[in-house]
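Report on the structure given below.
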Amino acid sequence: MIILKLENLIKDAILKLYNVSFNNVQLQKTRKEFEGDITLVIYPILSVSNKKLDITAKEIAEYLKLNLDKIESYNIVQGFLNIVISNEYWVNQFININNINDFGVVKAKKESPLYLVEFSSPNTNKPLHLGHIRNNLLGDSISRIIKASGKNVKKVQIINDRGIHICKSMIAWQESGKNETPKSSGMKGDHLVGKYYVEFEKIKQKEIEELVGSGLSQKQAEENSKINIKAKDMLRSWESKEKDTIDLWKKMNSWVYDGFSKTYKKLGIVFDKNYYESETYLLGKNIIEDGLSKGVFYKKSDGSVWIDLSAEGLDEKLILRSDGTSVYITQDIGTAVLRYDDFKFSNMIYTVGNEQNYHFKVLFHILKKIGYKWSKNCFHLSYGMVDLPSGKMKSREGTVVDADDLIEEMISTAKNISNDLGKKEYLSESESKKLYNLIGLGALKYFILKVDPKKKILFDPLDSIDFNGNTGPFIQYTYARIQSLKRKKLINISEIDPTIIISKKEKEIIKLLLDFPDVIQEASQKYAPSLIANYIYELAKEFNNFYQNTPILNDQNKILVNFRLCLSIKLGEVIKTSMNLLGISMPDRM
RNA sequence: GGCUCUGUAGCUUAAUUGGAUAGAGCACCUGACUACGGAUCAGGAGGUUGGGGGUUCGACUCCCUCCAGAGUCACCA
């Protein structure tokens, strides 16, 4: 790459001119408002040149120009040396990438590192909501990005299928369900089970109110709530594997899985392996024993097991209860080791909300202390909560944006807009249905993924998600325009003439396209799909501007038409590839 | 209270990791189809980057301090 060549040349220049070896060469893209392609920041060099700004800049510039014929000219503005690279260079660069299939994407080899990405990991007592959507989209997208950066990827989730929460739904269903099933009620299975989870809370609240009314304290009332006691009994019954309980549990979970799989299907999400907590919740204990003998953990007089992480700036943490049963982190230790045994991964990513930042810090420290080398390659992909204007979403209180509802709403909005714009005459009914899906989901996915994962998202259900501006449909539209050009093309595409004169805008687009491989690598290293989204938007915006102001097919000069068509088609390919990294499909027309 | 994260235009957000005049979208105002798709494009208005201090040629970015919000600090998951 030219930037590397330049950097070395600049080092040579400084060595020759000032007799110093210098390794703080700061090169950056030239900002649009100035003339040039690459800019050298002169300030850091002043300390070794001992000359004035302009003189230093000029001396280096002259040296560069003399030694690199691709430099056409330069200008110096306030300590910035802007270097103009010849058009011919950029055209040649484009010719190079134009011949590459799947430009930007690195194919993994068998021996490439394996990344295990965990995401989704729902509870089975309620349907998915917008928070889960963010989790799923992030996990799915980052898996695609890591894969495109040349790694092997396996997607896994751990389904939280046991515990007090599902017992609550089970009890409420038993008490007031009257044998209702997804079939008899026409409800999606996960919604049906979720309904009884909410029902449980209602009954419990009512009981607590009554007990408080009869003179008990809030805490006593909670302990004495009949349905609450029944739920705890059911958990015990589940743990001792009583048949009736297990049967009911299996039945209701299967309803939930049916429901989930429909939602996953709509979102286009699949996993390579599912782990079930009911199968892993006892794991980890033997590892604790091992840790005890190594002195990593210690036992208190009541029999509970702890780790002291105060040296790491954290607290003491309980690992095993005094009755010998495990806590959440015990299972997580066990599951991590199980996964390593299953996959021998090189890296593992946990896609989990930022409320668990502390938990994962502790987990990784523990794994390290026990001595697992791979623990240093574990990463918590932490993301901000999706909040409503009214505050946090809470399933128990019914203040959630349901995933299925939201998806349906997006699709029907897409349909309405399409119809308003009168754009679907040429499509069959099933084709248009597919199209609305594609656009609605594109809008939703892009809306979520363009935001930096760290940041929380404020979602106002009354303020519907946009379809104009920096949105998924805007990019899909750009792509559809390019496909339209392709369909219309009036010439046969031939070799690009490397000597053509290109416009400033065309050069901008070439430069942007050349960035694509780096963008994938950076997004992968930083676990940030938002970087991909930003890049695509830039690309689409540049293209629309170009399209609006430059005749692509209608120019007299067929050599130029050929070039512009190739440029457009390549840009379309890059848009498609990069949108695919966000899990978004592209329409040929819309 | 301790620790972590966040704070950028009315709203949603970006900023090449310390670089040039903080860049976009929505909403608002003005323009552009006898040109390849107007879900588009061009332009306008809108900013003390939460406040204050410091580091330096240069700070949204680093340090200190204060303010506001969120999360977490369970023998819960």
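Residue numbering restarts at 1 for every chain, and letters A, B, ... go by the order of the sequence lines.
- Around the NZ atom of A:K456, the shell of radius 6.0 Å holds no more than 12 heavy atoms that belong to other residues, nucleotides or ligands.
- With salt bridges taken as basic N to acidic carboxylate O contacts below 4.0 Å, one links A:K570 and A:E573.
- Using a 4.0 Å heavy-atom distance criterion, A:D387 is classed as making no nucleic acid contact.
- With a cut-off of 3.5 Å on both pairing distances, B:C60 has no Watson-Crick or G-U wobble partner at all.
- For A:Q548 against B:U40, a side-chain-to-base donor-acceptor contact under 3.5 Å is present.
- Both geometric conditions, a ring-centre gap below 5.5 Å and a plane tilt below 30°, are fulfilled for A:Y547 over the base of B:C36.
- Residue side chain A:S322 reaches the base of B:C75 through a donor-acceptor N/O pair under 3.5 Å, judged by distance alone.
- Take the nearest nucleotide of RNA chain B for A:T30 and for A:R487: the residue whose nucleotide is more 5' is A:T30.
- Cation-pi geometry between A:R162 and A:Y281 is met: under 6.0 angstrom from the ring centre, within 45 degrees of the axis.
- Here the options are A:K505, A:E506, A:K507, the test is side-chain hydrogen bond (donor to acceptor under 3.5 Å, both in side chains), and the partner is A:S503; only A:E506 passes.
- Considering only side-chain N and O atoms, A:Y328 lies nowhere under 4.0 angstrom from the phosphate OP1 or OP2 of B:A77.
- In this structure, B:G38 makes no Watson-Crick or G-U wobble pair, since no nucleotide meets both defining distances under 3.5 angstrom.
- Taking only side-chain nitrogens and oxygens, A:S484 comes nearer than 4.0 Å to OP1 or OP2 of B:G37.
- Heavy-atom nearest nucleotides on RNA chain B were determined for A:A414 and for A:T39, and the one closer to the 5' end corresponds to A:T39.
- Here B:C75 is the nucleotide among B:C75, B:G71, B:A42 with the atom lying nearest to any side-chain atom of A:S304.
- Judged by distance alone with a 3.5 Å cut-off, a donor-acceptor contact links the side chain of A:S418 to the base of B:A39.
- Separating the C1' atom of B:G50 from that of B:U6 is a span of 11 Å, rounded to the nearest Å.
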